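Read the structure below first, then the notes.
Since the model is a prediction, treat every value here as computed from it, not as a measurement. Throughout, a chain's letter reflects where its sequence line sits, starting with A, and its residues are numbered from 1.
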Number of protein chains: 2
Amino acid sequence: MLSKSSTYAIRAVLYLSLNSNEEKKFSPWQIADDIDIPAPFLAKTLQELTRRNFISSKKGRNGGFYLSDDNRLNSLISIVNAIDGLGKFKECALGLSECNGSNPCPLHNAITPLRNKLINELSDKTIADYTREMKEGKIHVF
Amino acid sequence: MLSKSSTYAIRAVLYLSLNSNEEKKFSPWQIADDIDIPAPFLAKTLQELTRRNFISSKKGRNGGFYLSDDNRLNSLISIVNAIDGLGKFKECALGLSECNGSNPCPLHNAITPLRNKLINELSDKTIADYTREMKEGKIHVF
DNA sequence: ATAAAAATATGATATTTATCATATAAAAAG
DNA sequence: CTTTTTATATGATAAATATCATATTTTTAT
């Protein structure tokens, strides 16, 4: 459902939300090592996230990636949208171009409400919300 | 969510369910042409479906692919399972190996009930059920 | 200023998925 | 029994995704 890039992005962002701030920054290698994903690939993904203002970075000595308070207000769906796009959530599951509510494919009526529910859940919660739940021990990313 | 192979398989099976029987068989090219998918790729998929007894075939003159009444009793989920496997429906959406109900990832609680609902819907209905709905004009595959 | 640390930009390789092509085997018709 | 039709088996090519590597630029500490 989600590409590797997207899952890595989400996990890295949540990791940074939990551990970083303006004073405490992380290199791709530290993050990759801690959440157990390939570092060079993550590095590329982090750059893309920086370009799109989902995470913050600082070059040079004592630089690294971190999350600002502003960054923590984003939703997970906006990250997925930035990396993968929302095609997989919106296009017909059987690949039909003429599939819609009034002319549904066999899977349309089963899938559409579930997709919408998922999109809503991923849109409503912010990174900060997920971080709170992580601190409470309710959810985990590694 | 579904691979091209799976979507082609589902569409071809439903097409055959609607149009074929022991007396009326179809070549991959006829099917591919009618539902607008690449024929050589479909041919391979049809062979796999035949091997796994989801569709029937007959070689030689006047041969081709068709659906027996028995074939129509299968569920769509069993076809997806045969082609893609059910990994995408069961594995953690963030790729965590230690993700489960008592140790959930951030997406687990949102996604799992939706996935289960979808699996149930695709398990309960048979090809025959979908075919009835197609004949009633409620759903379409092309 | 200079050197070191770290992001940035870019490109190379590998793996997976999708697509296309062809030679073989089986069945039926004449 | 020979020809034709069609499935079967297998492999070749192409495209997309994922992974790895490196040279460059920016920043900061000394």
*asked:* Just so I know, are the side chains of B:Tyr8 and B:Ser3 near enough to count as touching, which here means a heavy-atom distance under 4.5 Å?
replied: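 No. Closest side-chain heavy atoms not under 4.5 Å.
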*Is any side-chain heavy atom of B:Thr7 less than 4.5 Å from a side-chain heavy atom of B:Ile10?*
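SC-SC contact between B:Thr7 and B:Ile10 ruled out.
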_Suppose we define a pair by two distances each less than 3.5 Å, Watson-Crick or G-U wobble; what does D:dT30 pair with here?_
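D:dT30 is paired with C:dA1.
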*Summarise how protein sits on nucleotides 6-16 of chain C as a single string, 5' to 3': B when a protein heavy atom is under 4.0 Å from the base, S for sugar-phosphate-only contact, - for no contact.*
SSBBBB-----
*Are A:Tyr8 and D:dA18 close enough that a side-chain N or O sits under 4.0 Å from OP1 or OP2?*
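Result: no.
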Tell me the interatomic distance from [X], atom [atom1], to [N], atom [atom2], rounded to whole angstroms.
{"X": "B:Met1", "N": "C:dT17", "atom1": "CE", "atom2": "C1'", "result": "18 Å"}
{"X": "B:Leu2", "N": "C:dT17", "atom1": "CG", "atom2": "P", "result": "14 Å"}
{"X": "B:Tyr66", "N": "C:dA27", "atom1": "OH", "atom2": "C1'", "result": "13 Å"}
{"X": "A:Gln30", "N": "C:dA5", "atom1": "CD", "atom2": "P", "result": "13 Å"}
{"X": "B:Phe41", "N": "C:dT22", "atom1": "CZ", "atom2": "P", "result": "19 Å"}

Restricting to side chain to side chain donor-acceptor pair (under 3.5 Å), what partner residues turn up for [X], sequence neighbours left out?
{"X": "A:Asn103", "result": "B:His140"}
{"X": "B:Glu22", "result": "none"}
{"X": "A:Ser57", "result": "none"}

*Looking at residues at least two apart in the chain, or sitting in another chain, which of them share a salt bridge (charged side-chain N to carboxylate O under 4.0 Å, His left out) with A:Asp34?*
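Scan of A:Asp34 (salt bridge (charged side-chain N to carboxylate O under 4.0 Å, His left out), adjacent residues dropped) gives none.
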*Excluding sequence neighbours, so at least two apart, what forms salt bridge (charged side-chain N to carboxylate O under 4.0 Å, His left out) with B:Lys25?*
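If we apply the salt bridge (charged side-chain N to carboxylate O under 4.0 Å, His left out) test to B:Lys25, skipping adjacent residues, there are no hits.
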*Enumerate the residue pairs fulfilling salt bridge (charged side-chain N to carboxylate O under 4.0 Å, His left out) with a member in residues 57-74 of chain A, sequence neighbours excluded, ordered by first and then second residue.*
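Sorted pair list: A:Asp69-A:Arg72.
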*By a strict heavy-atom criterion of less than 4.0 Å, which residues belonging to residues 79-91 of chain A are in contact with DNA chain C?*
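Per residue number, the list is empty: none.
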*Checking all strands, does B:Pro40 fall into the base, sugar-phosphate, or nothing category for heavy-atom contacts under 4.0 angstrom?*
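Base contact.
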Please table the atom pairs, donor to acceptor, closer than 3.5 Å between any side-chain atom in residues 112-120 of chain A and protein atoms at least two apart or in another chain.
| residue | atom | partner | partner atom | Å |
| --- | --- | --- | --- | --- |
| A:Thr112 | OG1 | A:His108 | O | 2.7 |
| A:Thr112 | OG1 | A:His108 | NE2 | 3.3 |
| A:Arg115 | NE | A:Phe89 | O | 3.4 |
| A:Arg115 | NH1 | A:Phe89 | O | 3.2 |
| A:Arg115 | NH1 | A:Glu91 | O | 2.7 |
| A:Arg115 | NH2 | A:Lys88 | O | 3.0 |
| A:Arg115 | NH2 | A:Glu91 | O | 3.0 |
| A:Asn116 | ND2 | A:Thr112 | O | 3.4 |
| A:Asn120 | ND2 | A:Asn116 | O | 3.3 |

